[in-house]
2 protein chains.
Amino acid sequence: MAQKREYLSKNQKIVLDYIEKANQPLKAYSILFNVQKKGLKAPPQVYRALDRLVEIGKVHKIESKNAFVACKNSNCTISNATAFSICDGCEKVTEISNPKLSKYLSGFQDNSGMKYNKYNLEFFGLCKKCR
Amino acid sequence: MAQKREYLSKNQKIVLDYIEKANQPLKAYSILFNVQKKGLKAPPQVYRALDRLVEIGKVHKIESKNAFVACKNSNCTISNATAFSICDGCEKVTEISNPKLSKYLSGFQDNSGMKYNKYNLEFFGLCKKCR
DNA sequence: TATAACATTGTTATATTATAACAAATTTAT
DNA sequence: ATAAATTTGTTATAATATAACAATGTTATA
Ligand SMILES: [Zn+2]
Ligand SMILES: [Zn+2]
Ligand SMILES: [Zn+2]
Ligand SMILES: [Zn+2]
């Protein structure tokens, strides 16, 4: 059984700090560029930190944008049930925190025999400002 | 108003034919390699065809895998409401066709003021064989 | 404290995915 | 027939992500 630290390593903290300060999804290479002054010089350092942060649910990947955003859902320490709202106009991304929705999806079953333990949902549309 | 052909062009047909023969998601460069004998020599030719096929709903992109799969949902001529089941063991991907689910999600609203017109949902888990 | 086991970091190189830009050919509308 | 629009072919390059391995740091426990 591989043990894992329950605290964040130096690089993980640097990357998380930077992502948390942004209130929008960030691209990996944009993060890299911005944490170079902190000593992270090459892509693997950023991608490794991101992998871990995503794994523990501190950060989510917006798959349709290849971008990373801090979790805004304080009771979402696990990353196995994520839903986002994405504006096609201004690209604003918001994490949806809706107990009914998550309950519905977490309990979803079909007749395929699949046992689901994770989902990611991305909604697209236009926000108020962009309509 | 940009007019668009309602039939498929030569390259679009070639790419769609190939994707429809596979019963699994395919990567763009694997498609490229396999349609080179049909004359499509470079990435833009494949990506252009894919873009269009996705736009008209004949093909869906599995965002978490950067892969493309033919639509198996005959009444889904539009591509604005997609749901997939993905096995983390064998990587089998199935398009979910569940009227209740799609009705629930198509009608989803929150208090953010967003007007949703599209969603993509990816479920992950283990299929019968992989458990 | 030693030291072995393990996890993290630093580093270089490379793989994979996707698009920009523009000329040529084809198709469609007038 | 001609103009407009779309599709295609082509080259180059951008953007995203991982492999591989040595060096360093951390943890457990002998
Ligand atoms: Zn979250
Ligand atoms: Zn907007
Ligand atoms: Zn479909
Ligand atoms: Zn399976």
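Worth saying up front: this structure is predicted, and the values here are computed from it rather than measured.
- Across B/Asn11, B/Val46, B/Ile19, a single residue satisfies side chain to side chain contact (heavy atoms under 4.5 Å, CB included) together with B/Val35, and that is B/Val46.
- Going from atom CD1 of B/Ile14 over to atom P of D/dT7 covers 15 Å, rounded to whole Å.
- Contacts with DNA chain D (heavy atom under 4.0 Å) in residues 26-44 of chain A: A/Lys27, A/Tyr29, A/Pro43, A/Pro44, listed by number.
- No side-chain donor-acceptor contact under 3.5 Å links A/Glu20 to the backbone of A/Ala70.
- Using a 4.0 Å heavy-atom criterion, one finds that A/Lys61 contacts the sugar-phosphate atoms exclusively.
- Between B/Gln12 atom CD and D/dG9 atom P the separation is 12 Å, expressed in whole Å.
- Spacing between atom CD of B/Gln45 and atom P of C/dA25 amounts to 14 Å, rounded to whole angstrom units.
- Side-chain nitrogen and oxygen atoms of A/Tyr47 include none within less than 4.0 Å of the OP1 or OP2 phosphate oxygen of D/dT18.
- Close to C/dT16, at under 4.0 Å from its OP1 or OP2, lies no side-chain N or O of B/Asn66.
- The heavy-atom pair separating B/Glu63 from B/Glu122 by the smallest distance is N-OE2, 2.9 Å.
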With a 3.5 Å cut-off and sequence neighbours excluded, list the donor-acceptor pairs that the side chains of residues 100-109 of chain A form with protein atoms.
| unit_1 | atom_1 | unit_2 | atom_2 | d |
| --- | --- | --- | --- | --- |
| A/Ser102 | OG | A/Asn98 | O | 3.4 |
| A/Ser102 | OG | A/Pro99 | O | 3.1 |
| A/Ser106 | OG | A/Ser102 | O | 2.8 |

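- With hydrogens and angles disregarded, a donor-acceptor distance shorter than 3.5 Å links the side chain of B/Gln45 to the backbone of B/Ala42.
- When the side-chain nitrogen and oxygen atoms of A/Ser9 are compared with OP1 and OP2 of C/dA7, none of them lie within a distance under 4.0 Å.
- Nearest-nucleotide positions on DNA chain C place B/Phe68 closer to the 5' end than the other of B/Arg48 and B/Phe68.
- For B/Asn11 and D/dG9, the shortest distance from a side-chain N or O to OP1 or OP2 is below 4.0 Å.
- Distance B/Glu63 CD to C/dT16 P: 20 Å, rounded to the nearest Å.
- D/dT16 atom P lies 14 Å from atom CD1 of A/Ile62, rounded to whole Å.
- Using a 4.0 Å cut-off, some side-chain N or O of B/Arg52 falls inside it from OP1 or OP2 of D/dT7.
- Contact record, B/Lys65 with B/Lys27: O-NZ, 3.1 Å, taken as the closest heavy-atom pair.
- Taking atom CG of A/Asp51 as the reference point, atom C1' of C/dT9 lies 15 Å away to the nearest angstrom.
- Residues A/Arg52 and A/Gln12 approach most closely at CG-NE2, 3.5 Å, considering heavy atoms.
- Taking atom NZ on B/Lys10 and atom P on C/dA25, their separation rounds to 14 Å, with Å as the unit.
- Pairing for D/dA30 is with C/dT1, a Watson-Crick or G-U wobble pair whose two hydrogen-bonding atom distances lie under 3.5 Å.
- Between the CG atom of B/Leu50 and the P atom of C/dT16 there is a distance of 18 Å, rounded to whole Å.
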